[in-house]
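Notes for the one structure printed next.
In what follows, chains are A, B, ... by sequence order, proteins preceding strands, each numbered from 1. Hydrogens, waters and symmetry mates are skipped; everything else that's a heavy atom, side chains included, is used.
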Amino acid sequence: MATELPKAYDPKAAQEKWLTFWEERGYFHCKPDATKKPYTIVIPPPNVTGALHMGHALNNTLQDVLIRWRRMQGYNALWMPGTDHAGIATQSVVERLVMAQEKKTRHDLGREELVRRIWDWKDKYEARILGQLREIGASCDWKRTRFTLDPVCARAVRETFFRMFRDGYIYRGKRLVNWDTSLQTSVADDETDTVPTKSGFWTFKYRVDGSPDTFIAFSTTRPETMLGDTAVCVHPNDERYKHLIGKLVTQPHTDRKIPIIADGQLADPKLGTGCVKVTPAHDPNDYACWQRHPEIGIINILNPDGTINENGGEYKGLDRYKAREAVTKKMEELGLYVGKEDREVPLKISDRSKTPIEPYLSDQWFVKMSDRTDGKPGLAQMAMDAVTSEKVKFFPERYKDGYLAWLGEKRDWCISRQLWWGHRIAVWTRTFTDRKTFEDTLVLEAGGWSSIPHVAWTAQDDTMAVHVCLEYDDPDMIAALTGDGFTQSDDVLDTWFSSALWPHSTLGWPGPTLPEEKAGREAPDWEKMRSFYPTSTLVTSRDIITLWVARMVITGLYNVGDIPFRDVYVHPKVMDGFGETMSKTKGNGVDPVDIINLYGTDAMRYGVVKLATETQDSRMPVSNVCPHCGKDVPIKQEHMYMRTKKLVCPSCKQSFRPGGPWPTEDPELKTAKQGSDRFEEGRNFANKMWNATRFILMNLDGYTPGPVDVASLPTEDRWLLSRLATTTKAVTAALEGYHFSEVARLVYEFVWSEFCDWYIEMSKGRLKDPATRAPAQRVLTGVLDGILRLVQPVMPFLAESLWAALSEVAPVRGLPTPTKAEESVVIAKWPTYPEAWIDAPVEARFARMQDLVRSVREVRNRYQVDDKTRLDVSVKCSDIVAADFNALSAFIGPLAGIATLTAGPTAVKPKQAGGIVRPEFEAYVSLSGLIDPAAEIKRLDKQIAEKRKALDGVNAKLNNEKFMKGAPPEVVQQQRETVVDIEKQIAAMEENLRDLQTA
RNA sequence: GGGCGUGUAACUCAGCGGUUAGAGUGCCUCCCUUACAAGGAGGAAGUCGGGGGUUCGAGUCCCUCCUCGCCCACCA
C-alpha cells in the first residue's frame with residue numbers, strides 16, 4: 001500500500017495539474033455569503049503596456065499568500081483581478097510601434113484607427129499578463145476580471161465625474177502644459193526629452209518708474225517672454241532691492257507698467273542678479289508665483305503654432321525665435337541690454353516631433369482638493385482624516401508621512417489629458433464670442449437644465465463658455481445640445497481617475513442608475529457585492545502611494561462614504577544586481593516565467609516572499625543561462641537594458657542573445673533565460689519537503705489513525721510538537737503583521753533544521769520497532785499535515801502535490817485527534833495547536849542533547865574518525881539531562897556514531913584523554929591513539945584564551961556598580977549564570993589540557 | 001535642495017537596547033549511510049560604513065560625515 005513518489009519534485013507537472021484542478025473545483029470563485037466574514041483584496045491593476053516582471057511577481061505573490069491564508073482561515077476570500085488601460089503609457093507604446101513599422105503618426109491614422117490599434121495591443125498584453133498571473137499561481141476570482149475601460153468601470157467613472165461636477169468639485173481652470181507647436185498639441189512630461197542645448201543667458205534691465213536713473217537688472221534664457229512679463233520679483237529679505245518693492249517698472253516693448261514684487265519662493269538672492277522677471281503664462285515657476293500674487297495678472301503671448309499673438313504688439317506674427325532676436329535688439333537700442341553669456345541650458349524637446357516644447361497656458365479640468373466654504377467636505381482633508389484616525393493603516397507605518405504630506409498640500413488635481421486612449425470626458429461645451437448671447441443663453445437654458453436630474457452645468461465667465469455634463473448618454477439631450485452648437489470635449493481623463501475608483505468600481509458601484517438598468521436590464525451587482533467593501537488589504541509599491549492610494553481613499557469616501565481598504569501594505573522593491581529598480585522603461589526587468597521555468601513556481605514564490613523584508617529593497621543579481629549548454633554566464637551591466645545583442649557562451653562557444661524583455665523573438669539567435677541563484681534556496685527547500693514526505697510515505701505500512709496523548713510521548717515528540725506549535729503561532733503572527741520574509745524563514749527552519757534534520761533521523765530507529773512504530777507514524781503524518789497547511793500559501797503547488805499523496809495513504813490523520821483530511825489543502829483549515837504543547841523545559845533539554853550530538857560529530861570530524869568506528873562516550877550528568885538520558889541515548893547513539901554512551905554522577909575519563917567536548921556536559925570521548933596531543937594543546941590554548949576574554953567582559957559588568965544598580969535583575973542573573981557557565985567550560989578545558997600535557 | 005530609506009561574512013540578506021552577532025549561497029574537509037548529492041556531517045570566514053555622543057550596557061538610540069537607492073522639488 002505504500003506509495004512510491006518519484007525521487008525529485010517536478011514542478012512543471014504539478015503546476016499544470018493543480019491549476020486545472022483548482023479551477024475545476026472553483027475554489028477561487030467567491031460569492032457573497034452572509035455566513036462567512038469577507039476578506040477582499042483588489043489587485044493593483046497592471047498596465048497593459050507590456051509583460052510583467054519580477055516586481056509584479058513579488059507584488060502578486062504576496063497578495064496570493066494573504067488570500068490563500070485567509071481562505072484557509074475560513075474567510076470568504078475574494079481576490080479581484082484586472083488590468084489598467086494606463087492612458088499615455090499605452091498610447092505611446094502603440095504610437096511608437098506604428099511609427100517603427102509604418103512610419104505613421106497618430107494623426108496619419110486618425111483617432112478611431114489609433115484607438116482600434118491600441119485595443120488590439122491591449123487584448124494581446126492583457127492575455128499575456130493574465131497568463132503570467134495564472135502561472136505564478138495567483139488564486140484570483142478570474143470570472144470577475146475587470147479592465148479599467150470596460151463598461152462596468154466606465155459607468156463608475158462617468159457617475160463619479162458627473163457627481164463631482166454637479167457638486168462643484170470639478171472645475172475648468174488654467175494650467176501650463178507642455179505644448180508641441182509643431183503638432184499643436186499638449187504632451188505629457190514623460191513624452192518629452194530634456195537635452196542640454198547651447199543657448200544664451202541674457203541680462204537686461206528695466207527702468208524703475210519715477211526715478212530715471214534707477215534700473216533693476218534680471219537674467220533670462222528666453223528674452224521673447226519679456227513680452228508677457230507682468231512683474232519683476234525679488235527676495236523679500238534682499239537688502240539690495242528692499243527699497244524697490246512695490247514700485248513699478250516699464251516693460252519697454254509693450255509699454256506696460258508692471259510691479260516689483262517680493263516672493264521668497266521664486267527669487268533667490270544668490271542666483272544671477274537676485275532679481276527675476278515674472279512671465280506667468282510661459283513658465284511654470286512664474287505661474288506658481290502668479291497663483292500666490294494673482295494681482296499681477298497673466299498674459300499669454302503665444303499662438304498655438306508658436307508665433308507671437310496680439311498681446312505681443314508690434315511683434316505679433318513673428319515666430320518665437322525671430323521674436324527673441326527682435327526683442328533683444330530693441331533692448332540694445334534702448335540701452336537696457338547688460339550682457340549675454342553663452343550657456344548650455346536644458347531644453348525640453350517633444351519626443352514625437354523633436355521640436356522644442358513651449359510652456360503654454362491652456363484650459364483643463366481639475367478636481368478641487370482644498371477645503372470648501374460651503375459646508376461640503378474638502379477632499380484632501382477627508383483622505384487625510386481617514387489615515388490620521390487610523391481607519392486606514394499603513395504597514396510599515398512610516399509611509400503614512402509621505403501620504404499626509406502630499407495630501408496636505410491640497411493641490412488641485414488636473415484630470416484632463418489631450419490623448420485618445422482613455423475615458424472621454426462627458427462634457428459638452430459652447431464658447432460664445434458675444435457676451436450678450438452668452439448671458440442670454442444662461443438665463444434661457446440654464447433654468448431648464450437645472451431641472452433635469454441627470455444634467456449639470458457650469459458657466460465660465462472669462463472664456464464665455466458654457467459646460468454641460470451628462471450623467472449618461474441621453475440621446476435627446478445630446479441632440480439638443482449639438483443643435484445648439486455644443487460639442488463634446490475631445491479630452492480623456494487622467495488614467496488615475498479610473499484607477500482611483502478600482503476598489504468599488506470592480507465591485508459594481510454605483511449599481512443600477514441608468515433608466516434601462518433600473519428597468520432591470522444588465523444592472524451591475526453592487527447591491528450584492530457591497531459586503532466585500534471596504535476591502536481588507538491593499539498591497540502596493542511605494543511610488544504610487546500618492547498617485548493611486550491617496551486617490552482611492554478620496555473617491556471611496558466620496559462615492560461610497562467609506563474607506564476603500566483598512567490596511568495598506570507597502571512592499572520593498574526588486575532591484576537588479578547593480579542596485580537599480582526594475583522597470584519596463586529601463587528594460588532591466590526579469591520575466592518571472594524564466595524563473596519559473598528554471599526553478600519552479602514554488603521556488604519563485606518562496607524566493608520573493610523571502611525577499612519581502614521590512615525595510616530594505618532587495619537586489620536580484622541574474623545570470624544568463626546559455627540556451628545551448630545550460631551553463632550560467634555571469635551578467636555584466638552592459639548586457640542589460642537590451643544593450644548587448646549578442647554574447648558568446650564561454651563554455652560551449654555558441655552565440656546567444658542575453659535575456660531581457662525583448663519585444664520580439666529573434667529567429668537567428670536564441671535568447672538566454674535569466675536565472676538567479678536567489679531562487680535555489682526555494683527549489684532546494686521544495687525538494688527537501690518532497691523527499692521528507694517520500695520518506696514518510698515509504699514508512700507508513702500498517703498505519704492506523706488514532707488519538708495521541710502528548711504528555712505520554714517521548715521527549716523528541718514533545719519537543720517536535722512544541723516546535724510545531726511555536727512555529728505555527730509565529731507564522732500566523734508574522735502574516736498578521738505582514739512580515740512575509742519571516743514567514744518563509746520560520747517555515748524553512750522548522751521543516752529543514754528541526755523536522756528533517758532531527759526528528760525524521762530519530763524516527764528511523766523507532767519505525768523499525770513494532771512497539772514504537774505506531775505512535776511515530778501518527779506524529780510523522782500529523783506534523784507533515786500541519787507543515788503542508790503552513791506551506792500552502794507560499795508554495796501551493798508543492799503543498800497540494802504532497803497533500804494528495806499523503807491523503808492516499810493516510811486520509812485520516814492529524815494531532816491530537818485525527819480527522820478526515822479535506823480534499824485539497826487549498827481549502828484545508830489553517831492550523832492552530834494547543835498552547836499547552838509549547839514546552840520550554842523540553843525544548844531546553846533537547847537543545848542540550850543536540851549540542852552533545854554535534855560535539856561528538858565535531859570530534860569525529862576533527863580526527864577524521866571513519867564512520868564505521870563507533871566511539872565510547874562518557875557523560876557526567878547530574879541534572880535534567882540525566883532524567884532523559886536513558887530515553888535519549890537510544891537514538892543519540894546512532895545519530896552521532898556513538899557505540900557506548902555511559903552516564904552517571906561522575907564521568908569516566910578514558911585512559912587516553914582525547915577531545916573533551918561540550919564542557920557543560922563534561923562529556924569525554926575516547927579516541928585512543930587517534931589524536932595529536934601537540935595540536936590539541938594548541939587548539940585548547942586558543943580556545944581557553946577566547947573564553948577568558950569573554951569571561952573578563954562579563955565579569956567587568958558584574959563588578960560595575962552602575963550595572964548592578966541599573967540593569968534589571970533578570971539581566972544580572974543572566975550574567976551571573978554566564979560567568980558560572982564559562983568558568984565551568986574553562987575548568988573542564990584546563991583539566992583536559994593538563995591531562996594532555998602529562999600524557 | 002527637501003523628505004524617506006540603506007551600508008552587518010566573498011555574495012544576497014536577517015537581527016533594531018541586554019548572554020560570546022545569525023541564515024542561505026559560495027569556500028575548505030569528510031561522506032554517493034535505501035527520503036533527499038537540489039543531500040548529509042563538520043569547519044574557516046565579520047574592528048556590524050567613518051567619527052562623536054547618550055546609557056550600567058549600542059549593529060540596535062541620538063548627532064555628524066561619507067556611500068548607494070527611491071520619491072518630491074528645482075535648474076530665471
Starting at [atom1] of [X] and ending at [atom2] of [N], how long is that distance when rounded to a whole Å?
X         : N       : atom1 : atom2 : value
Lys965(A) : rC56(B) : NZ    : P     : 10 Å
Ile760(A) : rA41(B) : CD1   : P     : 13 Å
Asn691(A) : rG39(B) : CG    : P     : 10 Å
Glu580(A) : rC71(B) : CD    : P     : 11 Å
Glu754(A) : rA23(B) : CD    : C1'   : 14 Å
Lys410(A) : rC72(B) : NZ    : C1'   : 19 Å

Applying the 3.5 Å cut-off to both distances, the Watson-Crick or G-U partner of rC11(B) turns out to be rG24(B)
### Assigned partner base of rC70(B), Watson-Crick or wobble definition, under 3.5 Å
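Its partner is rG3(B) (Watson-Crick or G-U wobble, both distances under 3.5 Å).
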Look at the side chain of [X] and decide which nucleotide, out of [options], has an atom nearest to it.
X         : options                   : result
Ala8(A)   : rC56(B), rU29(B), rA38(B) : rA38(B)
Thr221(A) : rG42(B), rA76(B), rA73(B) : rA76(B)
Asp677(A) : rC56(B), rC36(B), rU25(B) : rU25(B)
Arg694(A) : rA41(B), rC30(B), rA35(B) : rA35(B)
Phe963(A) : rC56(B), rU25(B), rA35(B) : rC56(B)
Phe695(A) : rA73(B), rA35(B), rU25(B) : rA35(B)

query = Side-chain contact, heavy-atom cut-off 4.5 Å: Arg324(A) with Ser199(A)?
reply =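 Yes, close enough: below the 4.5 Å cut-off.
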Is any side-chain heavy atom of Val338(A) closer than 4.5 Å to one of Trp202(A)?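 Contact flag for Trp202(A)/Val338(A) side chains = no.
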Query raised in the report: Should the heavy atoms of other residues, nucleotides or ligands under 6.0 Å from NZ of Lys768(A) be counted, would the total exceed 12?
Result: no
Over 12 foreign heavy atoms within 6.0 Å of CD, Glu961(A): no
- Can you tell me if Ser741(A) uses its side chain to pair, donor with acceptor, with the backbone of Lys610(A) under 3.5 Å? yes
Discussion item. Once hydrogens and angles are ignored, does a donor-acceptor distance under 3.5 Å link the base of rA35(B) to the side chain of Glu761(A)?
Written reply: yes
On the side chain of Lys688(A), is there an atom forming a donor-acceptor pair with the base of rC36(B) - under 3.5 Å, no angle test? yes
Need one value for [X]: base, sugar-phosphate or nothing, where a base atom within 4.0 Å counts as base even if backbone is also close, heavy atoms only.
X         : result
Thr581(A) : sugar-phosphate
Phe685(A) : nothing
Lys764(A) : base
Tyr399(A) : nothing
Gln975(A) : nothing
Cys756(A) : base
Arg542(A) : sugar-phosphate

Cationic N near anionic O, under 4.0 Å, Asp283(A) to Arg222(A):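 Between Arg222(A) and Asp283(A) there is a salt bridge, with a charged N closer than 4.0 Å to a carboxylate O.
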| said: If the threshold is 4.0 Å, N to carboxylate O, is there a salt bridge linking Asp602(A) and Arg683(A)? | reply: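 Looking at Asp602(A) and Arg683(A), the cut-off is not met.
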| Which pair of heavy atoms, one from Arg773(A) and one from Asp701(A), lies closest together, and at what distance? |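 Closest approach of Arg773(A) to Asp701(A), heavy atoms only: NH2-O, 2.9 Å.
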Does Tyr569(A) form a ring-ring contact (aromatic ring centres under 6.0 Å, His included) with Tyr738(A)? I'd like the steps, not just the answer. CA-CA 7 Å; Tyr569(A) 168 69; Tyr738(A) 304 103; 5.4 Å; yes
Can you check nucleotides 11-14 of chain B for protein contacts, nitrogen or oxygen pairs under 3.5 Å, and list what you find?
| residue | atom | partner | partner atom | Å |
| --- | --- | --- | --- | --- |
| rU12(B) | O2' | Arg678(A) | NE | 2.9 |
| rU12(B) | O2' | Arg678(A) | NH1 | 2.3 |
| rU12(B) | O2' | Arg678(A) | NH2 | 2.7 |
| rC13(B) | OP1 | Arg619(A) | N | 2.3 |
| rA14(B) | OP1 | Thr613(A) | OG1 | 2.3 |
| rA14(B) | OP2 | Gln616(A) | NE2 | 2.2 |

Test side chain to side chain contact (heavy atoms under 4.5 Å, CB included) applied to Ile787(A) and Phe750(A), step by step: CA-CA 9 Å; Ile787(A) 286 171; Phe750(A) 176 68; 3.8 Å; yes
Residues in residues 276-289 of chain A with a heavy atom under 4.0 Å of RNA chain B, by number, are Val276(A), Asn285(A)
OP1 or OP2 of rG40(B) versus the side-chain N and O atoms of Trp752(A): is any pair under 4.0 Å?
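It does, given that an N or O in the side chain of Trp752(A) lies less than 4.0 Å from OP1 or OP2 of rG40(B).
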| request: For rG59(B), measure the glycosidic angle (O4'-C1'-N9-C4 for a purine, O4'-C1'-N1-C2 for a pyrimidine) and name it syn if it falls within 90° of 0, otherwise anti. | output: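 Syn, since the glycosidic angle lies within 90° of 0.
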**OP:** In sequence, state the C-alpha distance, the side-chain angles, and the governing distance for Met620(A) and Val622(A), and then conclude on side chain to side chain contact (heavy atoms under 4.5 Å, CB included).
**Re:** CA-CA 6 Å; Met620(A) 206 187 89; Val622(A) 290; 3.7 Å; yes
Residue pair Asp757(A)/Trp690(A) against RNA chain B: nearer the 5' end by closest nucleotide is Trp690(A)
Comparing Val853(A) with Arg683(A), nearest RNA chain B nucleotide closer to 5' gives the residue Arg683(A)
